[in-house]
Q: 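Here it is: the structure, laid out below.
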Amino acid sequence: MAAHVLGLDLGSSWSKAVLLDPDGRVAGRALRRTGIRFEDAARDLRDEVLSAAGVDRVGCTVATGYGRRNVPFADARRTEISCHAKGAYHFFPREMDVVDIGGQDNKIIHVRRDGTVANFLMNRKCAAGTGAFVEEIAHRLDIPLERIEALAEGATREITLSSFCTVFSATEVIKLIREGEEPENLCRGIFNSVIARVVEMGPLGEFIVMSGGVVAAFPIVAKIMAGRTGAAVEVPPDPQFLGAFGAALVAREELGADP
Amino acid sequence: MPEIKPFRAQKRMKELMAGHFRGVDAAAKDPDRKVAWCTSVGPAELLHSFGFEVYYPENHGAMLGATRSAEKYIPLANALGYSPDICSYLTSDIGAFLAGETPLQRAYGLEGVPRPDVLVYNTNQCRDVQDWFSFYGRRFGVPVIGVNSPTGVSEVTRPHVNAMVAQYQALIPTLEEVSGRRFDPDRFREVMGLSAKTSDLWKECLWQASYRPSPLTFFDACILMGPAVVLRGTPEAVAFYEELLAELKERVDGGVAAVEGERYRVYWEGMPVWGKLRDLALFFQELRTAVVVSTYCNSWVFDAFDPADPFESMARAYLELFIVRSDDAKERIMARLIEEFQVDGVVYHDAKTCPHNSNTRYGLPQRLKERTGVPFIVIYGDLNDLRCFSEEQAKTNIEAFVEQLGPGRAAAGG
């Protein structure tokens, strides 16, 4: 039966919703801070996206992300690893490495030529190299998040923060400030560090698709990734919504529709 | 709702463990009887032959982990100079000692940990045990003796065995002095015979998990291995594993699955996360995935034990252990178990404070995947220090891994 489907990605920082129409086209999207009540975030997002699209009901809802178990009205749930892989494969149906940089974790997902997940890696416990790291260092530098990319574009020198620990990275930044490092170079250093932490997680192939909130907010990380790895780096439309989009594709499968 | 199916034998096990702790406690209070503390894969058989009641601090460490009291005690040891980066069995055990507390009080009514007359270690598993025992040696003013085993052993050779036999024999004078008894080779052979039987039975119990569906999981085995650790060398342990084996065979014959609707079978490499044992057991149940084999529970299988030649076979058995071996040997052992237990994937636990029991740090998982084609995942945690365990991340990793197994095998035509 043709119906709309909903994908919900309840991330550590932000929650995302993607609504697909019965033909599999994006009929709506919504984004909000996850906050402390996953269930409320999920419900509010659903209501927001459905009312904006003028849709009364959906045929299937799939939840993903850290809060995937806290969506009582979801019909199914999948991990964000499966959903990002599915979303990326929709746009790039080929063998690839999906690099997702989220608020609290980084993932490398190796997707086979047929779209199945061959293996995946997640960062260890520390937030170094994640969105939380970018926020923390920007805060330390007292530079608004929306300005750091523009500053980074003007860098004259490549620096990388070497610490595995976000807190120690902040002290490393203080040392660089004391030594008179230019803010532009420090901002560039933040992004260099994000990519450095990802690259050391595991081997990457020659075709990389980047997703998550960090590449959505700071497209410069894709350029840095390409420069660092020599790989072709692609970013799908709305990379922050890729997990939710993948979840919606799973929902279509659950209904028996063509992906 | 997922559920853990209890074993009938667990009732008997509780009685046995209570008897063990009360027995050691009684000996500690009796001037005519002696208590030896021993590392978990130390020369327990030799100690029993001298009539020592044998107490295992690692078992106590696991109890502190399982009761989630470790977090309360670890900081006390840290403050004394025992780093948060070293064995969290050690830090939780020493911390509990400093606090004057033990789960044995509540579980078995003991006043405290039974006082040792001698401490006997084997560094086959790590150096930490020697430092751990030395702490107590200083505190109690009793001898600390032991054997320093080679590690990274690829093949156990004659020179390895000879060196260890000489070290075991060198323990005898101190043990004679502390126990007040002469070494009795016949009694040693007898104890070795009982340990060999316990080991054989425990192995057969573990091997029942090679049936589909598996009648037990790694999480069950972590509990059921208690007597294999603390009571090996006694007739009670033999009787217990005979009973358990019969129950397991009954489950196999009746098709009773430990994990209802078993879809996947995985290998757990590394230490348990003691404070999350039950949570993880239920989590795998929910994923309809049976953890059918582990390196850890196999660590108390000693194929070499032979009462006809107790010193030599003890030396060999405690050298053949997984933890003592080189990565080459470990890969061979794991590849064989992956095949025998028809495993779909391997979950490696990288335990922050236990480098010797974490086999993820020198490329072994990647090489073994290359060799067997079986996928793997690494989760980061710890045996006792839950500050090192990110539960959400670990669970997302495991769940995603299980999601990956289905299409992965289909794509491989398997």
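Proteins come first, then strands; the chains are lettered A, B, ... in the order of their sequence lines, and each starts at number 1.
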Q: Mark yes when over 12 heavy atoms from residues, nucleotides or ligands other than E392(B) sit less than 6.0 Å from its CD; otherwise mark no.
A: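 Counting other residues, nucleotides and ligands, CD of E392(B) exceeds 12 neighbours.
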Q: Quick test of your reading of the model: are E286(B) and R69(A) salt-bridged, counting only N-O distances below 4.0 Å?
A: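 The answer is yes: the pair qualifies as a salt bridge.
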Q: Would you indicate whether R278(B), at its atom CZ, is surrounded by more than 12 heavy atoms from other residues, nucleotides or ligands within a distance under 6.0 Å?
A: no
Q: I'd like to know whether CD of E200(A) has more than 12 heavy-atom contacts from other residues, nucleotides or ligands below 6.0 angstrom.
A: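 Yes.
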Q: Taking atom CZ of R371(B) as the centre, does the number of heavy atoms from other residues, nucleotides or ligands within less than 6.0 Å exceed 12?
A: yes
Q: With a 4.5 angstrom heavy-atom cut-off, could you sort out which part of K395(B) is near chain A: side chain, backbone, both or neither?
A: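 K395(B) touches chain A through backbone heavy atoms alone.
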Q: Which region of I377(B), side chain (C-beta onward) or backbone (N, CA, C, O), has a non-hydrogen atom less than 4.5 Å from a non-hydrogen atom of chain A, or is it both or neither?
A: side chain
Q: A side-chain contact here means heavy atoms from C-beta on lying under 4.5 Å apart; do T396(B) and R68(A) qualify?
A: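 The answer is yes; the side chains approach within 4.5 Å.
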Q: Does NZ in K276(B) sit with more than 12 non-hydrogen atoms of other residues, nucleotides or ligands closer than 6.0 Å?
A: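 Buried by this count: over 12 neighbours within 6.0 Å.
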Q: Which heavy atom in E403(B) sits nearest to a heavy atom in R77(A), and how many Å separate them?
A: OE2-O, 4.3 Å
Q: Can you tell which part of F376(B) gets under 4.5 Å to a heavy atom of chain A, answering side chain, backbone, both or neither?
A: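 When you check distances to chain A, no heavy atom of F376(B) falls under 4.5 Å.
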Q: More than 12 heavy atoms of other residues, nucleotides or ligands under 6.0 Å from CD of E339(B): yes or no?
A: no
Q: Within the supplied structure, the quantity of interest is the number of heavy atoms (other residues, nucleotides, ligands) at a distance under 6.0 Å from R37(A) CZ; does it exceed 12?
A: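 No.
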Q: For Q393(B) and D105(A), work out which heavy atoms get closest and say how close.
A: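 Nearest heavy atoms, Q393(B) then D105(A): NE2-CB, 3.5 Å.
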Q: Going from CD on Q404(B) to CD1 on I109(A), what distance comes out if it is rounded to the nearest 0.5 angstrom?
A: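 It is 10.0 Å, given to the nearest 0.5 Å.
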Q: Any heavy-atom pair between the side chains of E399(B) and I81(A) that's under 4.5 Å?
A: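 Side-chain contact under 4.5 Å: no.
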Q: State, with a plain yes or no, whether a side-chain heavy atom of N397(B) is found less than 4.5 Å away from one of F120(A).
A: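 The answer is yes, as the side chains (C-beta and beyond) meet within the 4.5 Å cut-off.
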